[in-house]
Every structure is written in C-alpha cells, then in structure tokens.
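Heads up: the structure comes next, in structure tokens.
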Protein chains: 2
Amino acid sequence: MCATKWPAGAILDGMSTQVPQTVPQEEWLRLDRQICFSLHAASRAFNGVYRVILKDLGLTYPQYLVMLVLWEHGETPVKRLGEHLRLDSGTLSPLLKRLEAAGLVRRERSARDERSVEVRPTPEGAALRERAEEVPRRIVSATGFTLEEIGDLHARLDRLTGALDAAALQESPGRR
Amino acid sequence: MCATKWPAGAILDGMSTQVPQTVPQEEWLRLDRQICFSLHAASRAFNGVYRVILKDLGLTYPQYLVMLVLWEHGETPVKRLGEHLRLDSGTLSPLLKRLEAAGLVRRERSARDERSVEVRPTPEGAALRERAEEVPRRIVSATGFTLEEIGDLHARLDRLTGALDAAALQESPGRR
DNA sequence: CACAATTAAGTTGTGTGCAACTAAATGGCC
DNA sequence: GGCCATTTAGTTGCACACAACTTAATTGTG
C-alpha cells in the first residue's frame with residue numbers, strides 16, 4: 001500500500017549511508033538524473049527493440065514475458081505468474097484477458113481452490129514458442145554486448161533491484 | 001540464422017553477430033528473460049523507491065525528471081524537454097498539463113515561433129528545488145551502491161541504450 | 001508570391017503499472 | 001457448526017509511454 005505517512009528519512013534507517021560527501025551540493029541533482037534516468041532510458045530502449053521484434057508475433061513485451069513463464073512452466077495460476085514477473089493482479093488480469101482474446105491462453109478456475117485461476121497456453125500459444133525462439137538472439141545482438149557482459153550486467157541489476165526493494169519495503173511492509 | 005522469415009531481420013544488419021553458439025537452444029528463452037527482465041524489474045524497483053520518496057513533493061517520477069530539466073536549464077520548449085528525456089509530445093503534453101494544474105510550471109506559446117511552447121517553472125516550482133535536493137542522496141543510499149559503482153553502471157546502461165536505439169533505428173528509420 | 005514539405009504541439013486509442021477497493025473462497029479458531 | 005481473518009482475482013482510477021493522427025505555423029523551392 002505504501003500509502004503511509006513518511007516521517008521522511010526512514011528509507012535511510014538501517015542502511016549504511018556510506019556516501020562520501022565529496023560531491024558539491026549543486027551537482028547532486030545532475031548526478032541523480034544520470035543514475036535514475038539512464039536506467040529509465042535503457043528500459044524504454046529495450047522496450048522499443050522488443051516492440052519491433054515482437055510485432056511479428058503479435059505480442060507486447062509484458063505479454064511476451066507472460067508467455068515465457070507459461071512456456072517454461074506450463075499451466076500456472078495467476079498468483080504464481082505475478083510472483084515470477086513481480087506484477088499484481090491489477091496488471092495481470094487485463095493483460096491475460098487480452099492474451100485469451102488473442103487465443104493464446106485459456107483461463108479457468110482451479111477445481112481444488114475456487115479462488116485461484118489457472119492459466120495455460122492453448123495449442124496456438126504453445127506453437128508460438130517456436131517462432132519466439134529466435135527472439136533472444138536478436139535481442140542479444142541488438143545490445144552489442146557479449147554474453148559475459150550481459151551476465152555481469154544482469155548480476156548488478158539484480159543486486160540493485162534487491163537493494164531497492166529492501167529500501168522500499170522499509171516503507172510499506174505489508175504488500176505483495 | 002537471420003536467413004529468411006522476417007523482413008524485420010534488418011536489426012541484425014551491420015552488427016557483428018559475435019554471439020558464441022555455446023548455449024543450447026533450450027536455454028535461450030531462459031537467458032533472454034534474465035536480460036530483459038532484470039532491467040525491467042530494476043526500472044520498476046527504481047520507480048517504486050522514487051514514488052515513495054517523491055510523494056512528499058507531490059511529484060511522480062517522470063514529473064520529477066521534467067522538473068530536473070527545468071531547474072537546470074530554466075525556460076525550455078516542449079520539444080527540447082522531449083529531447084532531454086526521450087519523450088514525445090504524446091507523453092509530455094498531458095504530463096505538463098498536470099504540472100501546470102499543480103501550479104509548478106507555466107506554458108506559453110513562443111512569440112518568435114508560434115508552433116513552439118515554452119515551459120518554465122513558476123516560483124512555486126522553483127522553490128520545490130530546495131526540497132528536492134535531498135532526493136538524490138536518499139536514492140543513492142537506497143541502491144546500496146557506491147558512487148563508483150553507480151558511475152560504472154551508468155556508463156554501461158548508456159552504452160546499452162545507444163546500441164539498442166541504433167538497432168531499433170534500423171527498423172523504423174523515419175521517426176522522432 | 002504560391003504552395004508543398006517540414007516542424008511542433010496536441011489528441012486519440014491502446015497497453016501497461018500500480019494503489020485502492022470489491023467479491024468470493026478458504027482456513028483457523030472457538 | 002459459526003464466524004472472522006486471510007487469500008486470490010478482478011475492477012476502478014490515475015499516470016505514463018507510444019503509435020497514429022490532426023492542426024497550426026514555418027520553411028524551402030520554384
């Protein structure tokens with residue numbers, strides 16, 4: 001919910017604030033833009049390349065991510081999809097409805113737990129995997145990075161995400 | 001590869017496809033998810049931390065980026081804002097309208113070029129800068145990274161974005 | 001000067017992403 | 001068995017992000 005107060009500064013609590021104060025006051029806003037902004041920009045640039053490549057498949061980028069999970073794990077409840085992709089039902093429900101309308105997945109209430117909805121690829125959705133298999137190579141090639149560099153970047157980003165999640169969690173302890 | 005199928009194969013043209021074929025077919029879809037997904041996740045994690053921190057200021061993350069540009073450069077036409085932030089008018093127009101409604105910026109048609117709209121911070125918008133000055137430190141601290149690591153990550157991400165943009169450009173040569 | 005091409009904002013429509021809420025089912029606990 | 005807290009999807013509302021389009025102003029060219 002993160003709807004809480006913010007006594008401001010809580011995010012620093014419990015974290016080592018080992019940032020050297022060698023950077024002049026004035027520079028902080030510029031520096032900051034570089035950090036957050038370069039990530040934001042990279043994410044959107046990635047999105048753009050995926051958009052072009054996935055157009056043939058009729059998928060958006062988040063829809064592709066969902067299909068990746070389904071191809072790997074088969075029938076999966078919405079809840080677990082959300083855990084894999086870090087998305088909640090507010091995002092997944094309409095997305096899955098579109099995938100179902102496109103004939104790529106089927107949704108049906110679990111028999112054992114009527115709260116849960118199982119999502120599984122239709123034959124068409126499963127068949128799409130073959131055509132999707134060339135996507136990764138094209139993406140890697142578009143990055144211009146070697147596999148080693150990609151692995152390294154991946155590790156850094158995961159560490160970053162972990163730290164950011166931990167910091168945000170300090171604020172809103174009760175969600176997802 | 002890159003043989004027949006897609007007319008979209010242009011994305012590979014002119015790039016060295018120096019990806020070693022040591023990874024088995026089956027693994028590609030998993031690997032791929034790791035690259036794109038970790039970036040996607042990191043971007044959203046950043047967004048989450050910013051959302052929490054910026055709530056005090058009444059700004060969303062993209063609105064904060066716009067204010068950063070305005071604080072640094074003063075009066076700026078919408079067009080230039082878009083260049084700085086890599087956003088088009090479809091995103092900026094409603095965003096700026098909200099910032100104007102919040103009393104943080106003013107928009108007015110340029111006298112010399114009636115097509116252009118100049119955006120500049122109001123006194124309230126300018127005053128917000130002071131309160132925003134603590135944001136970067138809190139963000140850096142939330143990442144758990146040193147400034148050196150951040151600089152390094154920043155360089156990699158910029159390189160990545162450049163390569164991805166170049167690849168996407170090959171596909172849709174006529175835009176933005 | 002006239003007129004086509006270009007440029008800058010804005011609008012419309014679609015698809016996320018997420019907070020806040022609702023509804024239904026389940027599991028504990030007495 | 002009855003009741004309440006929890007869990008799971010779904011819905012609503014808001015804010016990007018971007019493609020495609022519209023409108024208005026400017027520029028370039030003959």
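Here the structure is a predicted model, which is why all the values come from computation and not from measurement. Protein chains get the first letters and strands the later ones, always in sequence-line order, with residue 1 at the start of each.
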Looking at [options], which one has an atom nearest to any side-chain atom of [X]?
X: B/His40; options: C/dA8, D/dC16, C/dG17; answer: C/dG17
X: A/Ser116; options: C/dT7, D/dC18, D/dT8; answer: D/dT8
X: A/Arg98; options: C/dT26, C/dC18, C/dT16; answer: C/dT16
X: A/Asp113; options: C/dT26, C/dT7, D/dG10; answer: C/dT26
X: B/Arg109; options: D/dT7, C/dA8, C/dG10; answer: C/dG10
X: A/Pro62; options: C/dG17, C/dA9, C/dC18; answer: C/dG17
X: B/Ser93; options: C/dC18, C/dG10, C/dA25; answer: C/dG10
X: B/Arg115; options: D/dC18, C/dT6, C/dG10; answer: C/dT6
X: A/Val117; options: C/dG17, D/dG10, C/dG10; answer: D/dG10

Toward the 5' end of DNA chain C, by each residue's nearest nucleotide, A/Thr60 or B/Arg107: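 This one resolves to B/Arg107.
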Side-chain donor or acceptor of [X] paired with backbone N/O of [Y] under 3.5 Å:
X: B/Ser93; Y: B/Gly90; value: no
X: B/Arg120; Y: B/Leu70; value: no
X: A/Thr91; Y: A/Leu87; value: no

Most 5' of A/Arg80 and B/Pro94 on DNA chain D, judged by nearest nucleotide: A/Arg80
Sugar-phosphate only, base, or nothing, as touched by B/Thr91 at under 4.0 Å among non-hydrogen atoms: base
Touch class at under 4.0 angstrom, heavy-atom based, for A/Arg112 against every strand present: sugar-phosphate
Nearest-0.5 Å distance that lies between atom CZ in A/Arg138 and atom OH in A/Tyr50: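 So the gap between those two atoms works out to 11.5 Å.
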